[in-house]
Novice: 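Take a look at the following structure, please.
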Amino acid sequence: MIERLIQTKDLKIRYKIEQCKFGKLLVAATDRGVCYMGFTEDLQEIFGRFPDADFSDDLRDYSTEKLHLKGTDFQVSVWEELLKIPCGKTLTYKELAVRVGREKAVRAVGSAVGKNPVSPFIPCHRVVGSGGSLGGYYWGLELKKRLLEDEK
């Protein structure tokens with residue numbers, strides 16, 4: 001499902017901004033799959049992530065069955081594990097670290113969670129702190145709360 005995007009020079013990326021129940025959603029895709037999805041309409045999000053790419057605003061349809069993501073092998077392994085967390089359930093950063101076989105690398109796992117480039121699809125909002133705290137969320141804790149509530 002996740003193909004690692006390695007070369008970004010001369011990459012062709014199509015994008016669109018659409019409305020979802022949580023606000024604006026920016027979606028970008030290469031010819032191999034979705035490469036970015038975020039709760040924003042700020043194009044700097046994708047321009048900054050793919051500075052050498054060629055952009056056009058003609059993305060019409062996309063499928064999240066294929067993801068073409070820029071990240072390390074470790075990050076991709078964390079993102080693949082996030083996809084296994086059932087809707088309505090949460091997991092702690094420590095539990096996630098154990099699941100990816102890096103039980104002592106809780107901070108590195110947390111960093112990989114935070115770099116998730118398709119957070120509306122790969123459910124990083126389902127990862128919480130061991131002490132019951134929400135932890136963090138790139139799009140803000142209020143949105144993380146709303147996402148978790150919506151899944152109940």
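Both backbone and side-chain heavy atoms feed into the values below; hydrogens, waters and symmetry mates do not.
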Novice: Relative to F39, does K24 satisfy both conditions: NZ or CZ under 6.0 angstrom from the six-membered ring centre, and within 45 degrees of the ring's axis?
Specialist: no

Novice: Keeping to residues at least two apart or across chains, list the side chain to side chain donor-acceptor pair (under 3.5 Å) pairs with something in residues 120-137.
Specialist: H125-E151, R126-E151

Novice: Should R146 and E142 count as an ion pair when the cut-off is N to O under 4.0 Å?
Specialist: no

Novice: Does D150 come within less than 4.0 Å of K21, counting only side-chain N to carboxylate O?
Specialist: yes

Novice: Do D58 and S56 meet the criterion of a side-chain donor-acceptor pair at a distance under 3.5 Å?
Specialist: yes

Novice: Does M1 offer a backbone N or O that forms a donor-acceptor pair with the side chain of K66 under 3.5 Å?
Specialist: no

Novice: Do K12 and D31 meet the salt-bridge criterion of a basic N to acidic O distance under 4.0 Å?
Specialist: no

Novice: Quick one, D10 and D54 - any side-chain contact, counting heavy atoms below 4.5 Å?
Specialist: no

Novice: Can you pull out every ring-ring contact (aromatic ring centres under 6.0 Å, His included) where at least one residue sits in residues 53-78? Sequence neighbours excluded, please.
Specialist: F47-F55

Novice: Is the backbone of G136 close enough, under 3.5 Å, to the side chain of K144 for a donor and an acceptor to pair up by distance?
Specialist: yes

Novice: Can you name the side chain to side chain contact (heavy atoms under 4.5 Å, CB included) partners of K9, sequence neighbours left out?
Specialist: Q7, D52

Novice: Not counting sequence neighbours, which residues clear side chain to side chain contact (heavy atoms under 4.5 Å, CB included) with A28? List them please.
Specialist: I13, Y15, C35, Y36, I46

Novice: Could you tabulate the donor-acceptor pairs under 3.5 Å formed by side-chain atoms of residues 96-103, not counting sequence neighbours?
Specialist:
none

Novice: Search all heavy atoms of D42 against all heavy atoms of L26 and return the closest pair with its distance.
Specialist: O-CD2, 3.7 Å

Novice: Taking the side chain as every heavy atom from C-beta outward, state whether L69 and I122 have any pair of such atoms under 4.5 Å apart.
Specialist: yes

Novice: Using modelled atom types only, decide if a donor and an acceptor are shared between the side chain of R4 and the backbone of G71 within a distance under 3.5 Å.
Specialist: yes

Novice: List the atom pairs, with distances to 0.1 Å, where a side-chain N or O of residues 85-94 and a protein N or O form a donor-acceptor pair under 3.5 Å, not counting sequence neighbours.
Specialist:
from, atom 1, to, atom 2, distance (Å)
T92, OG1, E95, N, 3.0
T92, OG1, E95, OE1, 3.3

